[in-house]
Peer 1: 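Once you've had a glance at the structure underneath, I'll fire off some questions.
All residue numbers refer to positions in the sequence shown, counting from 1.
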Amino acid sequence: MSIHKTRNIGIIAHIDAGKTTVSERFLCYSGKEYRMGEVHEGSAHMDWLVEEQERGITITSAATSFRWADTVLNLIDTPGHVDFTAEVERALRVLDGAVGVFCGVAGVQAQSETGWRQADRYNVPRIAFINKLDRVGADFFRVAENVSKSFSVDTLPLNIPVGQEAEFKGVIDLLTMKQHSFDEESLGAHVVEGDIAEDQQETAELWRSDLLDRVADYDDDVMELHMEGQDIPLEMLKAAIRRGTLARHWVPVLGGSALGNKGIQPLLDAVVEYLPGPDDVQFIEGQDPKSGKEIQINCGEGDPFCALIFKVQIDTHGELLYMRVYSGELEKGKTGMNPRTGKRERINSIHRMHANSRENLEKTVAGDIVAITGPRFSGTGDTLCDAKKQVMLEEPIFPETVISMAIEPRSSQDRDRLQEILRRIEREDPIFRTEVNEETGQFVMSGMGELHLEVVRNRLQRDFKVNANIGQPRVAYRQMVAKEGKAKTRVERQLGGKDHFGEVHLCLSPLTEQDVEDDQESVVWEGGGPPIAPEWKQAVQDTVESSLSGGGDLGFPFIRVQARISLPPVTPETTEAGLAVAAREAFDDAHQKAGDLLLEPLMQFQVTTPEEYFGSIHQDLVRRRAQIESVDLILDQRKITGKVPLAEVFGYTTGLRSLSQGRAGFSMEPIGFAPAPEEVAARFRF
């Protein structure tokens, strides 16, 4: 298949907006699947994990390929729950376009905003699909305006609904000025095209006129014909809309009801017509692995091979590594170079994926999204490329973990197996972290939220049959220094029957948010410094980095702190062990002078509630130290947004149900760390 006839797209949305249902309709109407999978029945093809089918939500992004008209669509269905936002991040890193799905009633929701920002980060052109237009309270035009205001983008409706709520019947195509209805007997597979109903004519002409005016303002050729009052050829109009979409000048908007089997085929047509193909990106930027300089890689089938591994999946057959091929081609049995490790990786097999089923391929070419087996030293974010034209592509950016849970094996025989299983999950999940608590000997698992760790816990118990005691989730606090602290430490002592000497000068200082954004290093060496053996210098740096990873009066890892190290001239008595001891004591001394600040994870939250429960819910949020930023009224629903410490909303969903008789909804996402009140910090001081 030509690279020109390929689309690499993802579906992004808030949980329950209907993105997996949209994906299932794509597969059915394209002929990829003979029956429709339903999320509420646990039969969705794209939600293949047992955990997904039981919960009715997407947990891991699933890839598939299918044909629509003469074009191959490589589709990634992403999760909508904030705990699995890393799946969205790494998918958008390798996709050319995306479909944002919005609920026709609720409009823009918390995770909608997160996914949109992630797409902005990677400059991904988008189409918006307003779903659930057959629901009570659905309003296509209100949600289109909501999308425009929330994301500061121009929305360009390409079709408008016929009828509202239960009377929603179909859509009017503003380009062809035809009305499309969807045959119920064929479950929407058969699209009936007809003339616009008389009572819809005026509204359709009004929106058609607005569409032409806005496209004419953007495109000179359309402007010329429009000013002369001539009909604008359909292909010219589509080409102008496509150019504006690729330039992210506007976001085309379409409407429908995925569960009601309406509006899906026009959405598929729009994906093919207006979202970019791999050949629309002429080059990508990366770094020279040796010099670190930025270089450009041409994205063509005839150029040297280059691909990015964006996901590792571990199953009963071993490891699958998902990768996006940006240039060139790679055959099964050949090797690719990993410039990070400097190792050649042999490709044993290549697969085109359909959720958890595989189609074997002999080779992969530019524009493909495939899964491979064979590489042993590569993982998420690594580049595979031609050994003669090496480059390191930009890795996906993953957030800090905000919650942790202790786990300990029930016997010493289980310890090694547990450690290996945790290592495998950590390799598969880029925001899952494990470490060993040196004091208790427990393993500590860290993740993005309660649901994230609950899913991991269920996998350990059900899939891996782990014999271990698992604790309750707890907040993953951090700490930083309150002010600058300096220390000059000199040690002379006997260790292991030998005399050791070392002197280290150290300064700890807090970093601003701008410093962090500018990638200021946490450990730096000041001045040229005296000549010193590399292994001695490394011993000092390792000691300081170890101290930053956890210590002080609070015992949590340091963030937003810079340690500046300098050494006086070394003497014949100086030893490596002496320098390491001096570095540890210098850190402790500087830390005591700088003081501690406890940092607690801060969450951006959104609560939607019927008006009658607003007062009690608002009061409860204030009691939980929430900072209310806005309160909006949408129909009879209040939408409360703001920030709240994670520690205050553990298990909040249960309390919210009690306050609202189960009628309120809640979502949140981590946005960083903020200083905790002293009464909270006092609980952790030694």
Side-chain angles (χ1 to χ4, degrees), residues 1 6 8 10 32 45-46 48-50 52 59-66 72 74-78 86-87 90-91 93-95 278 301 304-387 390-393 395-396 417 420-430 432 459 463-464:
M1 175 59 66
T6 300
N8 294 318
K32 181 74 174 184
H45 302 95
M46 302 300 281
W48 57 274
L49 289 175
V50 174
E52 293 176 315
I59 292 173
T60 181
S61 56
T64 188
S65 296
F66 60 91
V72 169
N74 295 318
L75 170 70
I76 298 181
D77 177 33
T78 65
E87 293 286 329
R90 58 184 176 185
R93 169 63 186 86
V94 298
L95 293 172
E301 295 177 75
F305 172 72
C306 181
L308 179 71
I309 297 171
F310 66 94
K311 175 176 173 136
V312 177
Q313 179 180 308
I314 300 173
D315 59 19
T316 54
H317 303 291
E319 285 190 355
L320 273 178
L321 287 78
Y322 287 73
M323 73 178 185
R324 160 68 191 271
V325 183
Y326 284 98
S327 65
E329 63 178 44
L330 184 66
E331 295 180 1
K332 182 176 71 173
K334 296 295 180 67
T335 62
M337 172 64 74
N338 182 335
R340 180 183 65 83
T341 62
K343 296 180 181 294
R344 288 181 177 269
E345 298 278 26
R346 181 180 174 83
I347 311 303
N348 294 335
S349 62
I350 303 173
H351 308 281
R352 180 171 285 120
M353 300 300 296
H354 176 48
N356 63 330
S357 61
R358 314 177 186 184
E359 174 191 345
N360 293 326
L361 302 176
E362 291 301 314
K363 71 174 182 178
T364 180
V365 299
D368 282 348
I369 293 178
V370 296
I372 59 174
T373 64
R376 299 171 54 203
F377 307 102
S378 300
T380 300
D382 280 342
T383 304
L384 290 182
C385 58
D386 189 304
Q390 294 189 33
V391 62
M392 292 178 66
L393 301 179
E395 300 179 24
R417 180 170 178 269
E420 173 61 21
I421 291 170
L422 291 175
R423 186 197 65 78
R424 289 176 63 187
I425 296 175
E426 191 172 20
R427 176 164 165 74
E428 186 179 35
D429 186 342
F432 177 74
R459 286 190 66 191
D463 299 343
F464 296 106

Peer 1: Could you grab the distance from atom CZ of Arg376 to atom CG of Leu321, nearest 0.5 Å is fine?
Peer 2: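 Nearest 0.5 Å value for the CZ-CG distance: 13.0 Å.
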
Peer 1: Using salt bridge (charged side-chain N to carboxylate O under 4.0 Å, His left out) as the criterion, list what pairs up with Asp382, not counting sequence neighbours.
Peer 2: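 Partners of Asp382 under the salt bridge (charged side-chain N to carboxylate O under 4.0 Å, His left out) test: Arg340.
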
Peer 1: If I compare all heavy atoms of Thr6 with all of Pro278, which pair ends up nearest, and what's the gap?
Peer 2: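 Where Thr6 meets Pro278 most closely, the heavy atoms are O-CD, 3.2 Å.
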
Peer 1: Would the distance check show the side chain of Ser65 and the main-chain N or O of Asn74 forming a donor-acceptor pair, the cut-off being under 3.5 Å?
Peer 2: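 No: the side chain of Ser65 does not pair with the backbone of Asn74.
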
Peer 1: Over all heavy atoms of both residues, which pair between Tyr322 and Gln313 is shortest? Give the atoms and the distance, please.
Peer 2: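 Minimum heavy-atom contact is OH-OE1, 3.1 Å.
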
Peer 1: Can you name the nearest heavy-atom pair linking Ile76 to Ala63, along with the distance?
Peer 2: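 It is CG1-CB, 4.2 Å.
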
Peer 1: Is there a side-chain contact between Pro375 and Ile347 (heavy atoms, below 4.5 Å)?
Peer 2: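 The answer is yes, as the side chains (C-beta and beyond) meet within the 4.5 Å cut-off.
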
Peer 1: Could you list the residues that satisfy side-chain contact (heavy atoms from CB on, under 4.5 Å) with Gln390, not counting sequence neighbours?
Peer 2: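 For Gln390 the side-chain contact (heavy atoms from CB on, under 4.5 Å) partners, ignoring immediate neighbours, are Pro289, Met337, Pro339, Cys385.
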
Peer 1: Does a side-chain heavy-atom distance below 4.5 Å link Arg424 with Arg427?
Peer 2: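 No, every pair of side-chain atoms sits at 4.5 Å or beyond.
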
Peer 1: Do the side chains of Thr373 and Leu320 get nearer than 4.5 Å, heavy atoms only?
Peer 2: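 Yes, their side chains come closer than 4.5 Å.
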
Peer 1: What heavy-atom pair brings Ser378 and Asn338 nearest, and what distance separates the two atoms?
Peer 2: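 Ser378 and Asn338 have their closest heavy atoms at OG-ND2, 2.8 Å.
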
Peer 1: Which heavy atom of Val94 sits nearest to which heavy atom of Tyr326, and what is that distance?
Peer 2: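 For Val94 and Tyr326, the tightest heavy-atom pair comes out as CA-OH, 3.5 Å.
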
Peer 1: Who pairs with Pro396 by side-chain contact (heavy atoms from CB on, under 4.5 Å), at least two apart in sequence or on another chain?
Peer 2: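 Testing Pro396 for side-chain contact (heavy atoms from CB on, under 4.5 Å), a comparison that skips the adjacent residues, returns Glu89, Arg90, Arg93, Tyr122, Phe398.
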
Peer 1: Rounded to the nearest 0.5 Å, what's the gap from CD1 on Ile309 to CE on Met323? Could you check?
Peer 2: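 Between atom CD1 of Ile309 and atom CE of Met323 there are 7.5 Å.
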
Peer 1: Distance from Leu330 atom CG to Ile350 atom CD1, nearest 0.5 Å?
Peer 2: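 Result: 5.5 Å between the selected atoms.
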
Peer 1: Of the non-hydrogen atoms in Gly381 and Glu395, which two are nearest, and what is the gap between them?
Peer 2: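 Scanning both residues, the minimum pair turns out to be O-CG, 3.2 Å.
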
Peer 1: Please lay out, stage by stage, how Glu420 and Arg423 fare under the test salt bridge (charged side-chain N to carboxylate O under 4.0 Å, His left out).
Peer 2: CA-CA 5 Å; Glu420 173 61 21; Arg423 186 197 65 78; 2.8 Å; yes

Peer 1: Do any side-chain atoms of residues 364-372 form donor-acceptor pairs under 3.5 angstrom with protein atoms, and if so which ones, sequence neighbours left out?
Peer 2:
from   : atom 1 : to     : atom 2 : distance (Å)
Thr364 : OG1    : Asp368 : OD2    : 3.1
Asp368 : OD2    : Val365 : N      : 3.0

Peer 1: Can you confirm whether Lys311 sits close enough to Glu87 that some side-chain heavy atom of one is under 4.5 Å from a side-chain heavy atom of the other?
Peer 2: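 Side-chain contact under 4.5 Å: yes.
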
Peer 1: Applying salt bridge (charged side-chain N to carboxylate O under 4.0 Å, His left out), which residue pairs with at least one partner in residues 320-336 are found, sequence neighbours left out?
Peer 2: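 Residue pairs with at least one partner in residues 320-336: Asp96-Arg324, Glu329-Lys363, Glu331-Lys334, Lys332-Glu362.
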
Peer 1: Under the salt bridge (charged side-chain N to carboxylate O under 4.0 Å, His left out) rule, what pairs show up with a residue in residues 341-357, not counting sequence neighbours?
Peer 2: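 Every pair satisfying salt bridge (charged side-chain N to carboxylate O under 4.0 Å, His left out) with a residue in residues 341-357: Arg352-Glu359.
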
